[in-house]
Amino acid sequence: MDTISVIGGNQLNGSIPISGAKNCALKLMCAALLTDGTLSLENNPNSLRDINSQVELLEYLGCAIKRENSSMTINASNIKAYTAPYDIVRKMRGSILVLGPLLTRFGQAKVSLPGGCAIGGRPIDMHIKALEEMGATIKLSEGYINATAPIGGLIGAKILFPKVSVGATENLMMAATLANGQTVLSNAAKEPEIIDLGECLIKMGAKISGLGTDTIRIEGVKHLSGTTHSVVPDRIEAGTYIIAAGMCGGTLRLENARIEHLSAALGLLSQSGIEVEQEGNDIIVHRDIGRLQGVDIMTEPYPGFPTDLQAQFMAMLTLCEGAGMVTETIFENRFMHVPELCRMGADISVQGNSAIVRGVNKLRGAEVMATDLRASVALVLAGLVAEGETIVSRIYHLERGYEDIVGKLGNVGANISRVSGRLQL
Ligand code: EPZ
């Protein structure tokens, strides 16, 4: 199994191109199921493992997909199956987003329950309940969601989500585009990735208003067409590299990244001592050597501090002046990076869904194990500033969500390399 080796101590200087957002691309790909036209995506993070899994699923359903560099075309005019099988869904939860599109366009869908993952149980009860409110009949059996729409198609409904859910908002927004009548999604999620998905659907002919607010209205239409759409930049990738620069010192230009998508995070980073600015389409982050200040963070739905930056921010806090408290409110088990960071010399104590991080003078390189996508990148960040070598194993977690992280960090001065075939103890 391959590992990543990082020798700490280098500053980071230069430019990093930011890829299209994984958590948008995966849903845009599902939106292709809503039309017999061709959906062309630009700035798509085509090399990610999760994208490969989604391609595998969509091709299994009958989609014709072509990829070249960061472009992808998807045509769903010849769908021959309505089942998303367990052995594909279990690899990547984003496949649950085929449920709404299949159900609203074809009147049926059989999708494996995605099951939990390392960070939590990840239920989809809100997806199911909301589709039932639109008239769907849904039976759960043998680990599958068996869904059928009423004869005339799904029926527009007023849906109030009890919790803010990115996936449920996206699944229902797509389902509502071809339903009969108006659907209102209240307590909807407001992430930039949802706005981008909605803007693409509008280009395909959907009638959607309220994107970016907690109330999204969709007027059902009979037919959607193909279109061309450029995927919104990945704010979590950008935030990760901003934190990396803050930890290592130096100046980074993050190409094609949008500062307004990270406002809550940047406010806290500024309190800790990391300043960033937008220059044209790029984000510039500069950090002189010197200790960062400890700050408290609490993850919240957008526009609050993103849970997907929590592990990375905690890695930064390990060397701060003073202490910082990290409270995770979105997922029930998103502190698995803590024991690994402690093995590198961090001083972190967890109480329930909060962790107190007390700054130490240095981290020591160690062999550490990745457990989920964002925990694994937090270990790479820690390795960039630790004394000696850090070896991160199970890097397939990283490859789900970060395009060419070794190349991108290596090009700006990090001493980082991929080591193939190192013995896994
Ligand atoms: C999306 O997951 C992202 N994944 C996650 O990113 C991200 O952390 C999360 O949104 C929150 O921003 C993708 O977009 C592929 P939710 P999603 O539905 O849609 C509960 C990463 O690292 N819930 O907003 O699954 C749920 O358990 C990943 O890139 C229900 O209870 O998240 C959680 O506590 C990790 N019932 C909360 O809501 C439901 O039916 C928010 O989950 C649905 C969700």
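Quick note: numbers below take in every heavy atom, side chains included, and nothing from hydrogens, waters or symmetry partners. Just follow the structure's listing: the first ligand is 1, and inside any ligand the first atom is 1.
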Nearest neighbour in protein (non-hydrogen) for [atom]:
| atom | answer |
| --- | --- |
| atom 25 (O) of ligand 1 | Arg122 NH2, 3.0 Å |
| atom 40 (O) of ligand 1 | Met126 N, 2.8 Å |
| atom 27 (O) of ligand 1 | Pro123 CD, 3.4 Å |
| atom 16 (P) of ligand 1 | Val166 N, 3.7 Å |
| atom 3 (C) of ligand 1 | Asn23 ND2, 3.7 Å |
| atom 14 (O) of ligand 1 | Lys27 NZ, 2.7 Å |

Kindly indicate, with the supporting measurements, whether the criterion side chain to side chain donor-acceptor pair (under 3.5 Å) is fulfilled by Tyr402 and Arg374. CA-CA 10 Å; Tyr402 287 90; Arg374 307 305 174 182; 3.0 Å; yes
For ligand 1, find out whether one of its N or O atoms is nearer than 3.5 Å to an N or O atom of [X].
| X | value |
| --- | --- |
| Glu332 | no |
| Leu26 | no |
| Phe331 | no |
| Ser165 | yes |

So, do Val419 and Ile4 sit near enough that their side-chain heavy atoms are less than 4.5 Å apart? no
Ion pair Lys91/Glu56, N-O distance below 4.0 Å: yes
